[in-house]
Amino acid sequence: MQQDDPDITLITPTAPMHTSTHGGRAKCLQRLVRLDLPVPRTIALSFRAVHRIAAGEMPDMAALLAPFGEAPLLCVRPSSEDPDWGGPNAVLNIGVNDARFLELSEQIGKPAASELYLRFVQSYAIHVARLDPDVFEDVSPDPVQGLGEALRAYEDETEEEFPQDPGVQLGQVLRSMA
């Protein structure tokens with residue numbers, strides 16, 4: 001990621017960002033960073049970058065993902081130029097895929113890892129792939145069983161496998177929110 005790109009900004013205490021260019025959420029996060037509070041590494045996209053995404057011009061996903069390491073787990077939280085805008089919901093756990101699921105299962109246990117992956121699959125399916133939430137109505141409340149059912153439901157409805165590449169996942173989430 002280029003630090004001199006005013007449209008893709010790593011939030012640091014001195015990063016050049018303003019509510020008018022990056023939104024209120026990004027500016028609030030910068031204030032928390034300035035207070036030396038434990039804020040996860042965060043990148044803010046300017047409204048100009050979001051408008052370009054909406055027009056079909058995607059940023060370099062590898063560059064966006066680089067600050068987050070080899071196995072990123074990300075969240076995209078939209079912020080608007082209009083403070084009264086409702087907008088799309090945040091999408092959590094971007095980067096969870098089959099390989100990351102196995103790693104998480106070893107670290108936090110299979111039920112907790114299944115819950116993280118299941119929530120991401122459902123969120124991605126509803127907010128990105130625009131599937132009807134009713135598709136997941138019959139998914140088991142047990143996260144281990146429910147995950148397999150949700151992945152099958154996604155694949156049945158979209159006729160494709162759930163995306164495994166974090167860059168593809170992030171790009172599709174950004175596109176859907178733009």
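Any value given below was found using the heavy atoms of this structure, including those in side chains, with hydrogens, waters and symmetry copies removed. All residue numbers refer to positions in the sequence shown, counting from 1. Computed from a predicted structure; not experimentally measured.
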ILVMFWY cluster, [X] and [Y] together (side-chain gap under 4.5 Å):
| X | Y | result |
| --- | --- | --- |
| Leu116 | Leu102 | yes |
| Val139 | Val144 | no |
| Leu92 | Leu147 | no |

Kindly write out the residues that satisfy side chain to side chain contact (heavy atoms under 4.5 Å, CB included) with [X], not counting sequence neighbours, or none if the list is empty.
| X | value |
| --- | --- |
| Val128 | Tyr124, Gln172, Val173, Ser176 |
| Thr21 | His18 |
| Pro166 | Leu65, Pro72, Asn97 |

Using every non-hydrogen atom in the two residues, find where [X] and [Y] come nearest and quote the distance to one decimal.
| X | Y | result |
| --- | --- | --- |
| Phe68 | Thr42 | CE2-N, 4.5 Å |
| Met177 | Pro78 | SD-CD, 3.9 Å |
| Phe136 | Gln122 | CB-NE2, 3.6 Å |
| Thr14 | Gln30 | C-NE2, 4.1 Å |
| Ile43 | Pro67 | CD1-CG, 3.8 Å |
| Pro143 | Ser114 | O-CB, 3.5 Å |

Pairs flagged by salt bridge (Lys or Arg N to Asp or Glu O under 4.0 Å) wherever residues 45-54 is involved - sequence neighbours left out:
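Pairs touching residues 45-54 that pass the test: Asp7-Arg48, Asp7-Arg52, Arg52-Glu57.
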Not counting sequence neighbours, list each pair that qualifies as a salt bridge (Lys or Arg N to Asp or Glu O under 4.0 Å) and has a residue in residues 29-40.
none
If you count every heavy atom of other residues, nucleotides or ligands that lies below 6.0 Å from Glu70 atom CD, does the total exceed 12?
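No.
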Under 6.0 Å from the NZ atom of Lys27, do we count more than 12 heavy atoms belonging to anything else shown?
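More than 12 heavy atoms, drawn from other residues, nucleotides or ligands, come within 6.0 Å of this atom.
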For residues 149-156, which side-chain N or O atoms pair as donor and acceptor with protein atoms under 3.5 Å away, sequence neighbours left out?
residue	atom	partner	partner atom	Å
Glu149	OE1	Ser140	N	2.6
Glu149	OE2	Gln145	NE2	2.8
Arg152	NH1	Gly148	O	3.3

Would you check if Ile53 and Pro59 make a side-chain contact, meaning some heavy-atom pair closer than 4.5 Å?
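Counting from C-beta outward, Ile53 and Pro59 do come under 4.5 Å.
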Could you tell me if the side chain of Leu174 sits less than 4.5 Å from the side chain of Met61, heavy atoms only?
yes
Could you work out, with side chain to side chain donor-acceptor pair (under 3.5 Å) as the rule, every residue matching Glu115, not counting sequence neighbours?
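Residues passing side chain to side chain donor-acceptor pair (under 3.5 Å) with Glu115: Arg119.
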Residues that Glu103 engages under side chain to side chain donor-acceptor pair (under 3.5 Å), provided they are two or more places apart:
Arg100
Can you tell me how far CG of Leu104 sits from NZ of Lys110, rounded to the nearest 0.5 angstrom?
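Reported to 0.5 Å precision, the distance equals 13.0 Å.
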Working to the nearest 0.5 angstrom, can you tell me the gap between Cys75 SG and Ile94 CD1?
6.5 Å
Co-members of the apolar cluster containing Val39 [side chain, <4.5 Å]:
Ile11, Met17, Leu29, Leu32, Val33, Leu35, Leu37
Quick one: do Phe162 and Asp98 satisfy side-chain contact (heavy atoms from CB on, under 4.5 Å)? Show the steps, please.
CA-CA 10 Å; Phe162 190 76; Asp98 294 347; over 6 Å; no
Phe101-Phe120 aromatic ring centre distance below 6.0 Å:
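When the ring centroids of Phe101 and Phe120 are compared, they turn out to be at least 6.0 Å apart.
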Hey, could you give me each pair passing side chain to side chain donor-acceptor pair (under 3.5 Å) that has a residue in residues 158-170? Not counting sequence neighbours.
Tyr117-Gln164
